[in-house]
2 protein chains.
Amino acid sequence: MALDHAILVSLLEKPGSGYELARRFDRSIGYFWTATHQQIYRVLARMEGDGLLAVREVPQQGRPDKKEYSVAGPGRSALAGWLHEPIEPESLRHDLAVKIRGVAFDDPAALVQEVERHHRAHSDRLARYLAGELRDFTGPDAPAPLDAGQELQHVVLRGGIAYERMTIAWLDDVLATLHRLGGTAPTATA
Amino acid sequence: MALDHAILVSLLEKPGSGYELARRFDRSIGYFWTATHQQIYRVLARMEGDGLLAVREVPQQGRPDKKEYSVAGPGRSALAGWLHEPIEPESLRHDLAVKIRGVAFDDPAALVQEVERHHRAHSDRLARYLAGELRDFTGPDAPAPLDAGQELQHVVLRGGIAYERMTIAWLDDVLATLHRLGGTAPTATA
DNA sequence: TCTTTCTATGCAACTCGTTGCATAGACAAG
DNA sequence: CTTGTCTATGCAACGAGTTGCATAGAAAGA
């Protein structure tokens, strides 16, 4: 049910339409949560039906009307309640690790390109995160004293950055291991 | 569909029953994948129906009979095919990060205990992983020259260790941030 | 002009994953 | 002797998440 709460947080930070939420989930919220527009529209409809959200039809010129959602009183209470409930520490689901162990029954060299591809993808993400950090929190154009909300956004972003750095270092380790096992020289990455 | 492949890898490493698989998923495979016995039984039944697995009824004394599954030829091919397909770099789903951003609309101090609880859980996991590493790979009782399969298991375990270390460091960062915002002294953790 | 792209919303079908419950024999502890 | 725990398998229902498709107006480019 955490998508519900992610939506509540995002709408509290700024009201918006399902479409806008979907794009936020591709950007800042995407550091730690992903969702497709389908999921989002479905959940918005349900939460509005339950009275957690308020809708406002906003006519626009040059583009279709949109439904702007904002958090209603009961939605705020629901979020507050959830914040005080304990949640389980999450556990990983890492496909690539399955592949790595599977390659014991196949050719280790075959996985090198795949690992390099992931290495590039994570390096790209890291670059995007670092650019965002500079823009919003640590650069010259960032607000001088950050408010509480911005401090919290920053610490979450630092988590994303730490995750990408850790993953990149591990993928280097994986490449070195595959190299040792397969005798294949790893090509340069990033 | 990666559960299918995780099961194939696990059964190639060693054939076993659904019950045994469920326990492996709580242990070594659990470094990077989780599954309940329900999921496992359902997937085993489907894969056997598709001819990917072979079953053998094993009568046991003092306990119920079990069905020992092993990988059939088509299962091996299916795994090999998947190993050569590219997969998407995974994206995170981190409930705690949602909570952290949500606390901007609540009391930051309220989250301190929750974060400390997660800190302890990850410290415990790290300790278990390190103990496993010593036992199976780096300690005096470990096999002296590791074979390819063990090298691959080790590099995956190193990934789990790196993940837990990174997470613990980040939770320290989160606690310090909450402390700064809320003026609440963080209590000692682990 | 025609195609593509962007904004904006949504249905239908499906797979994946979780939760609760049921069964059943063997063993250990109270 | 009853309760609880461990092995071992499974059904039913639900909720979460993905994929494919459909619609529709406006703008931009070939």
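To find a chain, count down the sequence lines: A is the first, B the second, and so on, and within it residues start at 1. Since this is a predicted model, take the numbers as computed values, not measurements.
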Query raised in the report: Does a donor on one side chain and an acceptor on the other come within less than 3.5 Å for A/Arg101 and B/Ser10?
Result: no
Report task. Compute whether any side-chain donor of one residue and acceptor of the other, for B/Arg125 and B/Thr167, lie under 3.5 angstrom apart. Result -> no
Requested in this report: Look at A/Ser17 and C/dT9 and indicate whether a side-chain polar atom (N or O) is within less than 4.0 Å of OP1 or OP2.
Outcome: yes
Report summary line: When A/Lys67 and B/Thr36 are each assigned the nearest nucleotide of DNA chain C, the 5'-most assignment goes to A/Lys67
Query - side-chain N/O B/Gln60 vs D/dA8 OP1/OP2, d < 4.0 Å - result: yes
Query raised in the report: Once you round it to whole Å, what is the distance between C1' of D/dA8 and CZ of B/Phe25?
Result: 17 Å
Query - Ionic contact status for A/Asp141 with A/Arg135, cut-off 4.0 Å - result: no
Query raised in the report: If only side-chain N and O atoms of A/Tyr41 are considered, is one of them under 4.0 Å from the OP1 or OP2 phosphate oxygen of C/dT9?
Result: yes
Query - d(CG, A/Asp26; P, C/dC6) in whole Å - result: 13 Å
Query - B/Tyr19 side-chain N/O to D/dT7 phosphate OP1/OP2 under 4.0 Å - result: yes
Requested in this report: Starting from C1' on D/dG17, measure out to CD on B/Glu90 and report it in whole angstrom.
Outcome: 17 Å
Query raised in the report: Rounded to the Å, how far apart are B/Trp33 CH2 and C/dG17 C1'?
Result: 11 Å
Report summary line: Whichever of A/Thr34 and B/Gln38 has the more 5' nearest nucleotide on DNA chain D, that residue is B/Gln38
Query raised in the report: So, is B/Arg23 near the phosphate of D/dT7, with a side-chain N or O under 4.0 Å from OP1 or OP2?
Result: yes
**Report entry** Any B/Arg93 side-chain N or O less than 4.0 Å from OP1/OP2 of D/dG17
**Finding:** yes
Query raised in the report: Nearest to the side chain of B/Lys66 - C/dC16, C/dG17, D/dA8?
Result: D/dA8
Report task. Using whole Å, report how far CG of A/Asp65 lies from P of D/dG25. Result -> 12 Å
**Report entry** Rounded interatomic separation in angstrom, taking CD from B/Glu88 and P from D/dG17
**Finding:** 18 Å
Query raised in the report: Just how far, in rounded Å, is P of D/dT7 from CD of B/Glu57?
Result: 19 Å
Query raised in the report: So, is A/Gln39 near the phosphate of D/dT18, with a side-chain N or O under 4.0 Å from OP1 or OP2?
Result: yes
Report task. Return yes if the base of C/dG17 and the side-chain atoms of B/Arg42 contain a donor-acceptor N/O pair under 3.5 Å, otherwise no. Result -> yes
**Report entry** A/Glu20 and its salt bridge (charged side-chain N to carboxylate O under 4.0 Å, His left out) partner, picked from A/Lys14, A/Arg27, A/Lys66
**Finding:** A/Lys66
Query raised in the report: Just how far, in rounded Å, is P of D/dA22 from NE2 of A/His37?
Result: 14 Å
Query - B/Trp170 and B/His94 aromatic centres sub-6.0 Å - result: yes
